[in-house]
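Report on the structure given below.
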Amino acid sequence: MLEKMIFGRYVPGNSFVHKLDPRSKLLFVFLFIIAVFLANNTITYALLLAFTVLVILIARIRFYFLFNGLKPILFLVVFTLLMHFIFTKEGALLFEWKFIKIYEEGIRQGIYISIRFLVLVLMTTVLTLTTSPISITDGMETLLNPFKKLKLPVHELALMMSISLRFIPTLMDETDKILKAQLARGSDLTSGTIKQRIHAVVPLLVPLFVSAFKRAEDLAIAMEVRGYRGGEGRTRYRQLAWKNRDTFVIFLFAFLVAVLFWLRGGN
Amino acid sequence: MKEILSLDHVSYTYETEDEKPHKAIDDVSFTVQDGEWIAIVGHNGSGKSTLAKLMMGLMYPNEGKIRVFLEELNDETVWEIRSRMGIVFQNPDNQFVGSTVQDDVAFSLENNGVPFEKMVPRVLDSLAQVQMEEFLDHEPHHLSGGQKQRVAIAGALAMEPQMLILDEATSMLDPQGRDEVIRVVDDLKRAKGLTVLSITHDLEEVLLADRVIVMNEGKVMMTGKPEEIFAHGDVLESIGLDLPFASRLSRELRKHGVNIQGEHMTEKELVNELWTSHFNK
Ligand SMILES: Nc1ncnc2c1ncn2[C@@H]1O[C@H](COP(=O)(O)OP(=O)(O)OP(=O)(O)O)[C@@H](O)[C@H]1O
Ligand SMILES: [Mg+2]
């Protein structure tokens with residue numbers, strides 16, 4: 001089941017979106033999330049949705065793949081939609097059946113909120129699908145650099161993130177190994193009462209934690225002997241290159257905002 | 001000959017809360033010359049890793065002095081000295097810092113502030129030296145143990161060190177991985193005159209060394225050429241070390257009354273001795 005979940009996963013590719021600098025992508029998605037709240041009528045919401053679909057097309061992500069991977073989240077979207085249909089009681093009454101009354105405003109609100117939610121999820125998924133975790137980390141680090149002045153440990157956070165990402169597969173393998181070792185010793189994780197199952201997890205977690213601490217200690221030593229002493233005076237092997245297409249993306253965003261302002265209903 | 005490293009009556013005790021602390025390193029002195037290959041052997045807990053950590057300045061001796069590149073190791077010199085030494089540890093997974101092979105090799109370069117233009121050729125060059133240049137973008141979990149250790153060596157080589165320390169770098173590898181790593185180090189030592197200090201349990205590896213230091217309970221028990229060391233087979237066995245296979249076999253043969261002379265460390269030597277000794281009769 002986890003295999004199918006694509007939220008937060010990276011799929012290498014060669015599209016325009018894949019080739020963008022992580023900084024422009026991150027900046028774009030971050031600003032887009034804010035811009036979504038500018039929409040307040042049918043045409044602006046339609047515009048957001050159309051724009052998102054366009055981005056997905058340009059990134060050459062198959063809709064079926066997205067739909068499959070985001071099923072649990074889509075379920076949530078449909079759920080919000082229904083909640084609004086049923087519980088918002090404003091505007092003209094459109095439909096009545098026994099105790100269910102659906103109002104015009106309910107339908108509108110429901111659709112708007114769902115689009116907002118959907119567009120946010122889709123945009124962030126496109127970001128993670130088209131950008132490798134290392135690039136995201138690099139991009140974040142450079143973008144957050146100005147905040148160093150405010151004593152935000154930007155370099156340390158980025159390093160922490162990249163090391164965690166690097167160790168996920170290692171720890172997964174380890175969990176698997178320990179699991180098999182415990183199964184071979186007769187531990188049973190799949191049957192029994194909840195309490196018994198929780199008890200069975202303990203012998204899995206303890207060795208995992210012990211080894212994780214050992215790894216952390218070894219890694220710290222390995223980093224120190226290789227000259228690591230914080231971000232000060234460090235150079236970077238991974239260079240980010242801001243290209244024309246990245247500037248274009250920023251202009252595209254400005255254009256989108258302008259159109260949103262122009263089309264949104266005054267109130 | 002130029003001195004690279006010297007230990008002068010070094011002792012070290014770990015700070016622990018419990019009972020009477022014992023000296024992990026007890027009055028150790030030796031000198032390593034430029035271009036030498038030194039092997040350090042000893043049973044588990046004899047203080048080999050502690051010695052390596054002391055040499056890298058991860059902690060300082062309680063007594064005695066350590067001199068590296070003719071400079072005394074202390075807080076002021078430690079970073080400069082580290083940048084001229086490389087060390088590879090036992091566990092291949094726990095020393096892989098970067099997310100890909102090239103990131104990992106570049107790690108020490110980044111730390112030492114090497115500019116980007118110089119980093120790229122150095123990374124490629126170091127990887128070529130360990131025959132891993134095709135794996136630039138590979139992630140660590142897609143590499144074998146031996147490959148990871150070779151990347152670790154490349155990472156150590158990137159700063160163009162004068163001395164390479166291997167702390168049981170081959171002990172977690174399968175025989176094939178071990179051979180790969182040993183071959184790479186051997187080539188490097190020949191090609192670049194690198195000084196190698198290898199801490200090892202593997203007595204076949206010891207045979208490659210110019211000089212062997214035997215550690216026992218924190219003390220230096222013996223030093224000498226491999227053949228001199230293996231001449232004291234009984235002593236080595238008494239402190240829990242294995243002898244190379246050929247050496248063991250020749251001892252057993254002698255015990256059973258086969259008339260052979262001298263020490264035989266490799267199978268080839270033993271075979272030669274066996275067939276020539278029969279000729280003479
Ligand atoms: N972090 C530590 N804290 C306390 N004591 C330690 C620590 N590390 C090692 N020791 C002790 O110091 C002694 C020497 O340990 P060291 O790790 O140097 O041995 P070693 O020769 O490398 O052994 P091995 O062959 O198992 O790697 C041992 O008695 C060990 O228990
Ligand atoms: Mg050790």
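Sequence lines set the chain letters: A, B, ... in the order given, protein chains first and strands last, and positions in each chain run from 1. Just so it is clear, the values below take in all heavy atoms, side chains as well, and ignore hydrogens, waters and symmetry mates.
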Would you please classify the geometry between the A:Phe16 ring and the A:Phe248 ring as parallel, tilted or perpendicular, with 30° and 60° separating the classes? perpendicular

Hey, what's the ring geometry for A:Phe28 with A:Phe253, parallel, tilted or perpendicular (30° and 60° as the breaks)? perpendicular

Which of A:Thr131, A:Asp246, A:Thr128 passes side-chain hydrogen bond (donor to acceptor under 3.5 Å, both in side chains) with A:Lys25? It is A:Thr131

Among A:Pro169, A:Pro133, A:Ser162, residue most engaged with chain B (heavy-atom pairs, under 4.5 Å): A:Pro169

Given the options A:Met223, A:Arg215, A:Arg229, which has more heavy-atom pairs under 4.5 Å with chain B than any of the others? A:Arg229

Proximity breakdown for [X] and chain A, heavy-atom pairs closer than 4.5 Å:
X	answer
B:Asp167	neither
B:Phe89	side chain
B:Val123	side chain
B:Gln102	both

Using a 4.5 angstrom heavy-atom cutoff, name the option from [options] with the most pairs to chain A.
options	answer
B:Met119, B:Met56, B:Gln90	B:Met119
B:Val114, B:Val120, B:Asn91	B:Val114
B:Asp93, B:Ile87, B:Val78, B:Asn112	B:Asp93

Under 4.0 Å between a side-chain nitrogen and a carboxylate oxygen: does that hold for [X] and [Y]?
X	Y	result
A:Lys214	A:Asp218	yes
A:Glu224	B:Arg82	yes
B:Asp104	B:Lys148	no
A:Asp138	A:Arg236	yes

Checking A:Leu219 against chain B: side chain, backbone, both or neither under 4.5 Å from a heavy atom? both

